[in-house]
> 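Quick one: structure below, then a few questions.
Each chain gets a letter, A, B and so on, in the order its sequence line appears, and its residues count up from 1. Atom set for the values below is all heavy atoms of this structure, side chains included, hydrogens, waters and symmetry mates excluded.
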Amino acid sequence: MSFVFEKLRGVRDFYPEDFHGRKVIYGNLSGTAKNYGFKEVCTPSIESLDIFTKKSGEAIVDEIYSFNDKGGRGICLIPELTPSVVRMVVQRQKVLTKPVKWFSLSRHWRYERPQKGRQREFYQFNVDIFGSRSSRADFEILSCGIDCLLNLGIDNFMFHLSDRNILGAFFESLHLPVNEAFTVVDKRNKVDEPEFRSMLSDMGMDDEGYDSLIGLLDINGNVNDCADLILEDYPALGDKAVIALKNLREVGDLLKNYGFEENCKFDLSIVRGLAYYTDMVFEVFDKKKSLRSLFGGGRYDDLVQLLGGQSMPAVGFAIGLPLLEILMKESGIWPEPDFGPDFFVVTIGDVEKEALRIIKLLRKDHTVEYSLGSKNMSNQMNLANNLGAKKVIIIGERDIKEGVFSLKDMASGTQEQVVLEEFVKRYC
RNA sequence: GCCGGGGUAGGGUAGUCUGGUCUAUCCUAAAGGACUGUGGAUCCUUUGACUCGGGUUCAAAUCUCGGCCCUGGCCCCA
């Protein structure tokens with residue numbers, strides 16, 4: 001081999017067996033979303049760079065693929081879907097029937113170091129509801145997410161639910177900077193206890209506050225019970241927290257009545273970084289927590305307005321397909337393809353006319369292959385075998401004069417003589 | 001951007017520490033033949049690799065430096 005091009009870092013080739021899995025997964029996810037009444041949309045792969053800097057700040061430019069086009073416009077390959085979908089909503093905001101329920105499978109690019117489950121080019125499945133502030137919308141997103149996993153055959157997962165306003169109110173009551181405090185909370189599992197404590201005390205938190213925080217973060221269990229517990233034990237948190245807790249209680253009731261109570265737990269440590277989330281947030285973990293979070297989502301009521309629309313609440317989630325694939329392969333439930341054709345036609349001698357006739361008829365309803373090279377019979381049988389053909393039709397000069405051919409079942413090896421016209425009636 | 005592990009035919013590997021018939025091992029795969037009316041078995045043939053570049057040396061797959069890529073993590077995670 002003198003020279004070959006290699007694929008770029010962090011991207012992936014999908015060979016037939018890989019692509020098959022992706023198609024099955026996507027079909028399954030879309031089917032679930034459709035059953036919940038979501039409609040599929042598709043956005044462009046490129047957007048103006050501004051839409052992302054507006055939402056996430058200039059720092060994001062270092063982490064995405066961006067360039068100036070020939071007209072000097074700042075362009076980027078989309079690193080996530082939400083801004084594009086919000087743009088689509090805003091453009092037709094007045095006429096869309098609310099709530100707007102959309103899903104999509106989108107391709108994304110991020111200029112970052114590849115890691116397990118993180119590639120530079122990847123696919124995400126996104127589900128969003130625009131225009132409903134109701135706890136039912138939160139619940140609809142959660143239950144759809146749960147069903148997506150269940151319908152794929154994944155059941156060793158847990159949804160961790162929270163609302164940013166609960167911890168937010170707590171930090172405000174201590175006069176601490178809320179966003180910075182969230183960032184520290186997000187790090188809790190990555191640093192040891194003394195460091196966690198010192199990060200918070202650097203921010204101005206005293207020991208009493210720290211103990212209260214740990215008390216809150218360690219509350220663990222059923223959503224409704226935990227919400228009640230906080231309403232009782234932390235009366236000083238204020239209105240915002242009470243509203244959030246009541247909302248979570250409603251979500252909890254809905255989940256219970258829907259039969260998904262066991263799939264969710266309360267977990268205030270979920271804050272989703274410094275994202276645009278405003279209220280309810282969640283992250284999904286495998287039960288062993290051996291992988292990073294599988295996916296997450298939540299409510300982002302300010303983004304539509306931030307991107308130029310009229311104020312409109314929104315809630316949604318996004319699942320990255322790479323992690324799903326890892327999880328499913330570990331569980332042994334990744335769909336394996338069967339590319340074997342239903343029929344393979346072997347020819348002997350000059351029978352092309354008869355062979356092509358039967359091939360064409362069968363191809364209306366079946367997968368049919370035959371040798372594209374002029375090979376001997378042994379070769380043709382070999383090819384049929386390697387392709388995984390279910391049945392082989394052997395058409396030879398000797399037999400076809402009498403209107404018959406041989407039909408061989410490749411799994412059993414049994415072979416029968418078949419009358420051509422009867423076969424055509426039966427299969428075509 | 002930072003830190004660690006790694007890179008030998010399409011896939012999997014031996015060899016690397018201790019440089020020397022390495023003209024690179026074996027398994028598998030693919031193509032063809034033995035077998036111009038029968039696949040999976042067997043035998044034979046063929047295809048096919050030291051990630052790239054510089055350095056040290058009489059001699060580099062082996063030692064060394066750098067790039068590229070893979071991989072685990074940090075940062076980040078929108």
Side-chain angles (χ1 to χ4, degrees), chain A residues 1-13 15 17 47 51-64 76 78-86 108-120 122 124 126 183 186-187 190-191 271-277 281 283 290-293 295-298 300 303 306-307 316-318 320 322-323 326 340 344-351 371 373-400 404-415 417:
Chain A
M1 196 181 307
S2 57
F3 182 79
V4 289
F5 285 108
E6 291 183 337
K7 67 183 173 62
L8 294 175
R9 164 177 285 184
V11 298
R12 175 171 178 193
D13 297 316
Y15 288 89
E17 51 282 8
E47 288 280 356
I51 195 171
F52 292 98
T53 54
K54 180 120 188 168
K55 170 174 163 281
S56 308
E58 290 294 334
I60 197 179
V61 176
D62 294 334
E63 290 153 28
I64 63 183
C76 68
I78 56 172
E80 60 166 324
L81 186 80
T82 312
S84 304
V85 169
V86 169
H108 300 290
W109 297 264
R110 292 182 187 175
Y111 193 81
E112 62 184 355
R113 185 92 185 177
Q115 291 176 40
K116 189 173 192 180
R118 292 177 69 176
Q119 296 280 294
R120 286 186 168 183
F122 59 97
Q124 270 190 352
N126 303 265
T183 310
D186 207 28
K187 297 250 186 302
K190 286 189 175 178
V191 300
V271 296
R272 303 284 291 154
L274 274 179
Y276 45 78
Y277 294 105
V281 286
E283 276 185 31
S290 58
L291 298 165
R292 66 185 75 230
S293 90
F295 69 96
Y300 50 102
L303 191 62
L306 180 69
L307 294 183
F317 69 81
L323 269 171
I326 292 170
F344 186 98
V345 176
V346 168
T347 59
I348 307 153
D350 182 21
V351 292
S371 172
S374 57
K375 294 179 173 173
N376 64 33
M377 186 169 181
S378 184
N379 284 119
Q380 294 184 61
M381 288 302 294
N382 211 344
L383 181 56
N385 187 51
N386 288 346
L387 289 172
K390 315 282 188 303
K391 290 184 191 300
V392 169
I393 290 170
I394 301 161
I395 302 177
E397 276 182 349
R398 200 191 290 163
D399 301 328
I400 204 68
V404 298
F405 63 83
S406 299
L407 180 65
K408 179 164 187 166
D409 182 278
M410 291 297 274
S412 65
T414 56
Q415 189 167 321
Q417 285 263 305

> Taking atom C1' in both B:G1 and B:A59, what distance in whole Å separates the two?
40 Å
> Say you pick atom C1' in B:A61 and the same atom in B:A14; how far apart are they, in whole Å?
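Rounded to whole Å, the distance is 12 Å.
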> In whole Å, measure the gap between the P atoms of B:G39 and B:A30 for me.
16 Å
> Base, sugar-phosphate alone, or nothing: which one does A:G57 contact when heavy atoms must sit under 4.0 Å apart?
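Nothing: the residue A:G57, judged by heavy atoms under 4.0 Å, touches no strand.
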> Taking the P atom in each of B:A31 and B:A41, what is the distance between them to the nearest angstrom?
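Per the computed distance, 13 Å lies between those P atoms.
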> Let's test this: given Watson-Crick or G-U wobble pairing with both distances under 3.5 Å, identify the partner of B:A30.
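Pairing partner, where one exists within any strand: B:U46.
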> Can you see whether A:D186 engages A:T183 through a side-chain donor-acceptor pair at a distance of less than 3.5 angstrom?
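A:T183 and A:D186 do not have a side-chain donor-acceptor pair below 3.5 Å.
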> Could you tell me whether the side chain of A:R113 has a donor or acceptor atom within less than 3.5 Å of a complementary atom in the base of B:C77?
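No, no donor-acceptor pair under 3.5 Å.
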> Given the C1' atoms of B:G4 and B:A9, what is the spacing between them in whole Å?
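Nearest-Å result for B:G4 against B:A9 at atom C1': 29 Å.
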> Return no unless some side-chain N or O of A:K187 is found under 4.0 Å from OP1 or OP2 of B:C76.
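Yes, within the criterion.
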> Classify the angle between the aromatic ring planes of A:Y277 and A:Y300 as parallel (below 30°), tilted (30 to 60°) or perpendicular (above 60°).
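Plane angle over 60°, so perpendicular.
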> Just by distance, with hydrogens left out, do A:N379 and A:N376 show a side-chain donor and acceptor under 3.5 Å apart?
yes
> Check the distance between B:C2's P and A:E63's CD and give it to me in whole angstrom.
15 Å
> Could A:R120 and A:Y111 be counted as a cation-pi pair, given that NZ or CZ must be under 6.0 Å from the ring centre and within 45° of the axis?
yes
> Counting the atoms with a prime plus P, OP1 and OP2 as sugar-phosphate, which does A:D399 contact under 4.0 Å by heavy atoms, base, sugar-phosphate, or nothing?
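Here A:D399 touches the bases of the nucleic acid.
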> Which part of the nucleic acid, if any, lies within contact of A:Q380, taking any heavy atom under 4.0 Å across all strands shown: a base, the sugar-phosphate backbone alone, or nothing?
nothing
> Which whole number of Å gives the distance between the P atom of B:U45 and that of B:C52?
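The same atom, P, in both gives a distance of 29 Å.
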> Considering every strand and a 4.0 Å limit on heavy-atom distances, what is the contact class for A:G388: base, sugar-phosphate, or nothing?
nothing
> With a 4.0 Å cut-off on heavy atoms, is A:K55 in touch with a base, just the backbone sugar-phosphate, or nothing at all?
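The residue A:K55 makes sugar-phosphate contact but no base contact.
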> Using a 4.0 Å heavy-atom cut-off across all strands, classify A:L383 as base, sugar-phosphate, or nothing.
nothing
> Just by distance, do the side chain of A:E283 and the backbone of A:G297 share a donor-acceptor pair under 3.5 Å?
no
> Contact class for A:S406 (heavy atom, under 4.0 Å): base, sugar-phosphate, or nothing?
base
> Rounded to whole angstroms, how far apart are NZ on A:K7 and P on B:C68?
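To the nearest whole Å, that distance equals 15 Å.
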> Say you pick atom P in B:U36 and the same atom in B:U23; how far apart are they, in whole Å?
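Those two atoms are separated by 40 Å.
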> When only distance counts, do a donor and an acceptor, one from the side chain of A:R272 and one from the base of B:A78, lie under 3.5 Å apart?
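Result: no qualifying N/O pair found.
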> Using whole Å, what does the distance between atom P of nucleotide B:G40 and atom NZ of A:K408 come to?
10 Å
> In terms of side-chain heavy atoms, does A:S56 have a donor or acceptor partner in A:Y276 at a distance below 3.5 Å?
no
> Using atom C1' in both nucleotides, what's the gap between B:U56 and B:G19 to the nearest angstrom?
11 Å
